[in-house]
Amino acid sequence: MTVVRMGYVAMSVHLQNCSPSQTMTHARFKKLFDRDAAIRKLERIARSNVTNCLRLLKHNIAHDIAFFRLSSKLIPLANHMDLKGWNYIKSIKKELNDIESFLAKYKMRIDFHPDHFVLLNSKKVDILNQSIITLKMHRNLLTGMGIHPKHRCVLHVGGAYDDRDKALEQFIYNWGFVPVDLQEMIMLENDDKSFTMNDTLYLCEKLAIPIVFDYHHHLAHNDNHNWQEHWDRVVSTWDNSPLPIKMHISSPRSSDDFRAHADYIDAKMFLKFLREINGSVSIIDCMIEAKKKDDALFRLMKQLKHEDDVEIIDGASFKIH
DNA sequence: CGTGGTCAAGCGGTA
DNA sequence: TACCGCTTGACCACG
């Protein structure tokens with residue numbers, strides 16, 4: 001038996017006017033004559049984003065959802081060079097504290113997935129440094145919300161740079177330049193173009209990083225279709241984590257556009273996967289990555305209800321027998 | 001008011 | 001080497 005808890009990404013299609021990713025582009029920022037006023041506007045946007053996050057968290061609790069990925073665009077231009085020295089955390093401290101109080105009352109697993117410009121295996125010092133700055137921002141937000149930062153940020157391995165093996169070794173080399181308090185935040189995910197499950201496991205085992213297995217990516221890109229062979233290794237990377245194992249679930253948009261995410265999750269494919277891992281872990285958190293966000297989660301729960309080996313626990317979790 | 005074009009970023013593929 | 005598409009939601013200028 002395995003308990004499955006489902007989560008979704010960043011925003012709800014059911015809540016109106018509740019974006020956590022409002023923004024101001026850098027081009028727009030530069031055009032504004034009064035810099036102080038421009039920064040105040042950035043702060044208003046950031047406050048609105050974090051406030052909307054709290055609304056999302058309340059929505060999640062109302063629907064039994066205990067697993068959620070926060071938007072990485074909460075603070076527009078937070079890590080832009082032109083805004084160096086801007087104390088963005090100070091301007092949203094109250095809103096972050098509100099989230100902290102909420103999370104003290106209602107348990108929820110909160111994650112980030114910094115965007116794919118965070119590259120820890122780049123040979124370019126500027127890109128590595130910019131990545132570190134972005135990770136610091138994520139850490140500031142987590143600690144600001146009272147969330148222990150360990151294993152909260154999912155990253156991809158990075159660029160292949162025409163030589164996957166060298167690129168993997170570069171990751172190991174660069175890892176030494178990443179501050180320990182940022183290292184501990186990180187999980188690594190197999191991607192759909194460059195680094196397979198096997199590549200990613202190599203790094204995860206060597207550097208003691210939990211792996212986030214993405215089943216869809218694996219189907220799109222692998223050097224050994226048989227993921228089951230390595231499943232025990234995946235589970236083992238979570239041995240030293242305070243959090244249960246987690247993975248990513250999405251479905252191909254179409255056979256022609258296989259790598260793109262579909263609106264909803266193919267329940268048959270999901271069940272087939274779960275039946276294979278059933279019993280290998282007592283609990284697993286599954287991040288639903290679908291265009292229709294929380295609606296995809298709700299639809300999936302409805303479909304699973306009819307399965308003989310599925311026992312519904314609440315609105316977003318179930319047991320598979 | 002609705003909407004096509006624009007914005008950011010770095011990689012990867014093509015010419 | 002230079003460009004474009006990818007990806008994402010939001011914003012903006014236009015009609």
Side-chain angles (χ1 to χ4, degrees), chain A residues 8-32 38 41-42 44-53 55-56 69-83 111-138 153-164 166-168 170-171 174 189-196 199-200 214 216-217 220-221 248 250-254 256-263 287-296:
Chain A
Y8 70 102
V9 176
M11 60 183 292
S12 163
V13 298
H14 288 279
L15 290 184
Q16 300 303 305
N17 301 316
C18 195
S19 168
S21 312
Q22 290 169 282
T23 193
M24 184 197 296
T25 63
H26 184 241
R28 191 81 195 133
F29 178 80
K30 272 194 305 189
K31 277 182 199 154
L32 295 175
K41 187 169 182 187
L42 284 175
R44 276 200 303 277
I45 295 170
R47 267 196 297 277
S48 167
N49 286 341
V50 179
T51 303
N52 285 344
C53 264
R55 278 185 65 198
L56 284 157
R69 180 191 301 167
L70 296 180
S71 165
S72 280
K73 296 179 180 153
L74 291 177
I75 306 165
L77 305 180
N79 46 21
H80 200 284
M81 281 217 318
D82 286 3
L83 282 136
D111 272 339
F112 274 118
H113 195 338
D115 65 36
H116 58 287
F117 309 112
V118 173
L119 294 156
L120 293 186
N121 77 332
S122 177
K123 276 188 161 174
K124 296 179 187 166
V125 175
D126 290 347
I127 291 177
L128 179 59
N129 283 339
Q130 187 56 40
S131 299
I132 288 174
I133 288 169
T134 304
L135 287 174
K136 274 184 188 155
M137 177 197 72
H138 284 85
C153 287
V154 191
L155 295 181
H156 295 283
V157 175
Y161 308 115
D162 292 328
D163 189 332
R164 262 162 68 190
K166 272 191 190 160
L168 285 169
Q170 188 70 41
F171 188 100
N174 286 7
E189 173 191 0
N190 58 303
D191 69 74
D192 55 359
K193 275 179 112 161
S194 305
F195 298 100
T196 63
D199 295 332
T200 311
D214 189 309
H216 181 192
H217 287 171
H221 180 59
H248 290 170
S250 53
S251 294
R253 185 179 291 166
S254 66
D256 286 342
D257 199 6
F258 190 86
R259 290 182 4 242
H261 288 179
D263 285 355
M287 183 54 71
I288 302 301
E289 296 180 326
K291 292 271 173 207
K292 296 293 184 186
K293 307 290 181 188
D294 51 340
D295 197 50

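Quick note on labels: first sequence line is chain A, next is B, and so on, each numbered from 1. Treat the numbers as computed from the prediction; the structure is a model and nothing was measured.
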Worksheet item: What nucleic acid atoms does A:Ala10 come within less than 4.0 Å of, heavy atoms only: base, sugar-phosphate, or nothing?
Response: nothing
Worksheet item: The side chain of A:His26 lies closest to which of these nucleotides: B:dG12, B:dA8, C:dT8?
Response: B:dA8
Worksheet item: In whole Å, what is the span from the CD1 atom of A:Ile133 to the C1' atom of B:dA9?
Response: 14 Å
Worksheet item: Starting at NZ of A:Lys30 and ending at P of C:dC12, how long is that distance when rounded to a whole Å?
Response: 16 Å
Fill in: Nearest-Å distance for atom pair CG/C1', residues A:Asn49 and C:dC11
13 Å
Worksheet item: Which nucleotide in the set B:dA8, B:dA9, C:dA10 lies at the smallest distance from any side-chain heavy atom of A:Thr23?
Response: C:dA10
Discussion item. As a test of reading the structure: which of C:dT8, C:dA10, B:dG10 is closest to the side chain of A:Lys73, going by heavy atoms?
Written reply: C:dT8
Item to complete: Round to the nearest Å and state the distance from A:His217 atom NE2 to C:dT7 atom C1'.
Response: 12 Å
Discussion item. Check the phosphate of C:dT8 against A:Lys291, side-chain N and O only, distance under 4.0 Å to OP1 or OP2. Yes or no?
Written reply: yes
Practice prompt. Could you walk me through whether A:Phe258 and A:His216 pass ring-ring contact (aromatic ring centres under 6.0 Å, His included), step by step?
Written response: CA-CA 9 Å; A:Phe258 190 86; A:His216 181 192; 5.5 Å; yes
Item to complete: Scan A:Lys293 against the nucleic acid and name what it touches under 4.0 Å (heavy atoms): base, sugar-phosphate only, or nothing.
Response: sugar-phosphate
Item to complete: For the pair A:His156 and A:His113, evaluate ring-ring contact (aromatic ring centres under 6.0 Å, His included) and give the outcome as yes or no after the intermediate values.
Response: CA-CA 9 Å; A:His156 295 283; A:His113 195 338; 5.2 Å; yes
Worksheet item: Looking at the side chain of A:Ala27, which of B:dC7, B:dG12, B:dC11 is the nearest nucleotide?
Response: B:dC7
Practice prompt. Flag the pair A:Ile127 / A:Phe117 as yes when at least one side-chain heavy-atom distance between them is below 4.5 Å, and no otherwise.
Written response: no
Practice prompt. Report the residue (A:Arg28 or A:Met11) whose heavy-atom-nearest nucleotide on DNA chain C is the more 5′ of the two.
Written response: A:Met11
Discussion item. From CZ of A:Phe29 over to P of B:dT6, roughly how many Å is that when rounded to an integer?
Written reply: 24 Å
Discussion item. When you measure from the side-chain N and O atoms of A:Ser19 to the phosphate of C:dG9, is any distance below 4.0 Å, counting only OP1 and OP2?
Written reply: no
Discussion item. Looking only at the aromatic ring of each residue, does the gap between the centers of A:His217 and A:His248 stay below 6.0 angstrom?
Written reply: no
Item to complete: Using a strict cut-off of less than 4.0 Å between a Lys/Arg side-chain nitrogen and an Asp/Glu carboxylate oxygen, indicate whether A:Asp111 and A:Arg69 qualify as a salt bridge.
Response: no
Discussion item. Please confirm whether the shortest side-chain N or O distance from A:Ser194 to OP1 or OP2 of B:dC11 is below 4.0 Å.
Written reply: no
Practice prompt. Choose from B:dC11, B:dG12, B:dC7 the nucleotide whose nearest atom is closest to any side-chain atom of A:Ser122.
Written response: B:dC11
Worksheet entry | Gap between atoms CE and P, on A:Met24 and B:dA8 respectively (whole Å) | 11 Å
Practice prompt. Specify the separation, in whole Å, of atom NE2 of A:His80 and atom P of B:dG10.
Written response: 10 Å
Practice prompt. Rounded to the nearest angstrom, tell me the gap between atom NE2 in A:His261 and atom P in C:dC6.
Written response: 15 Å
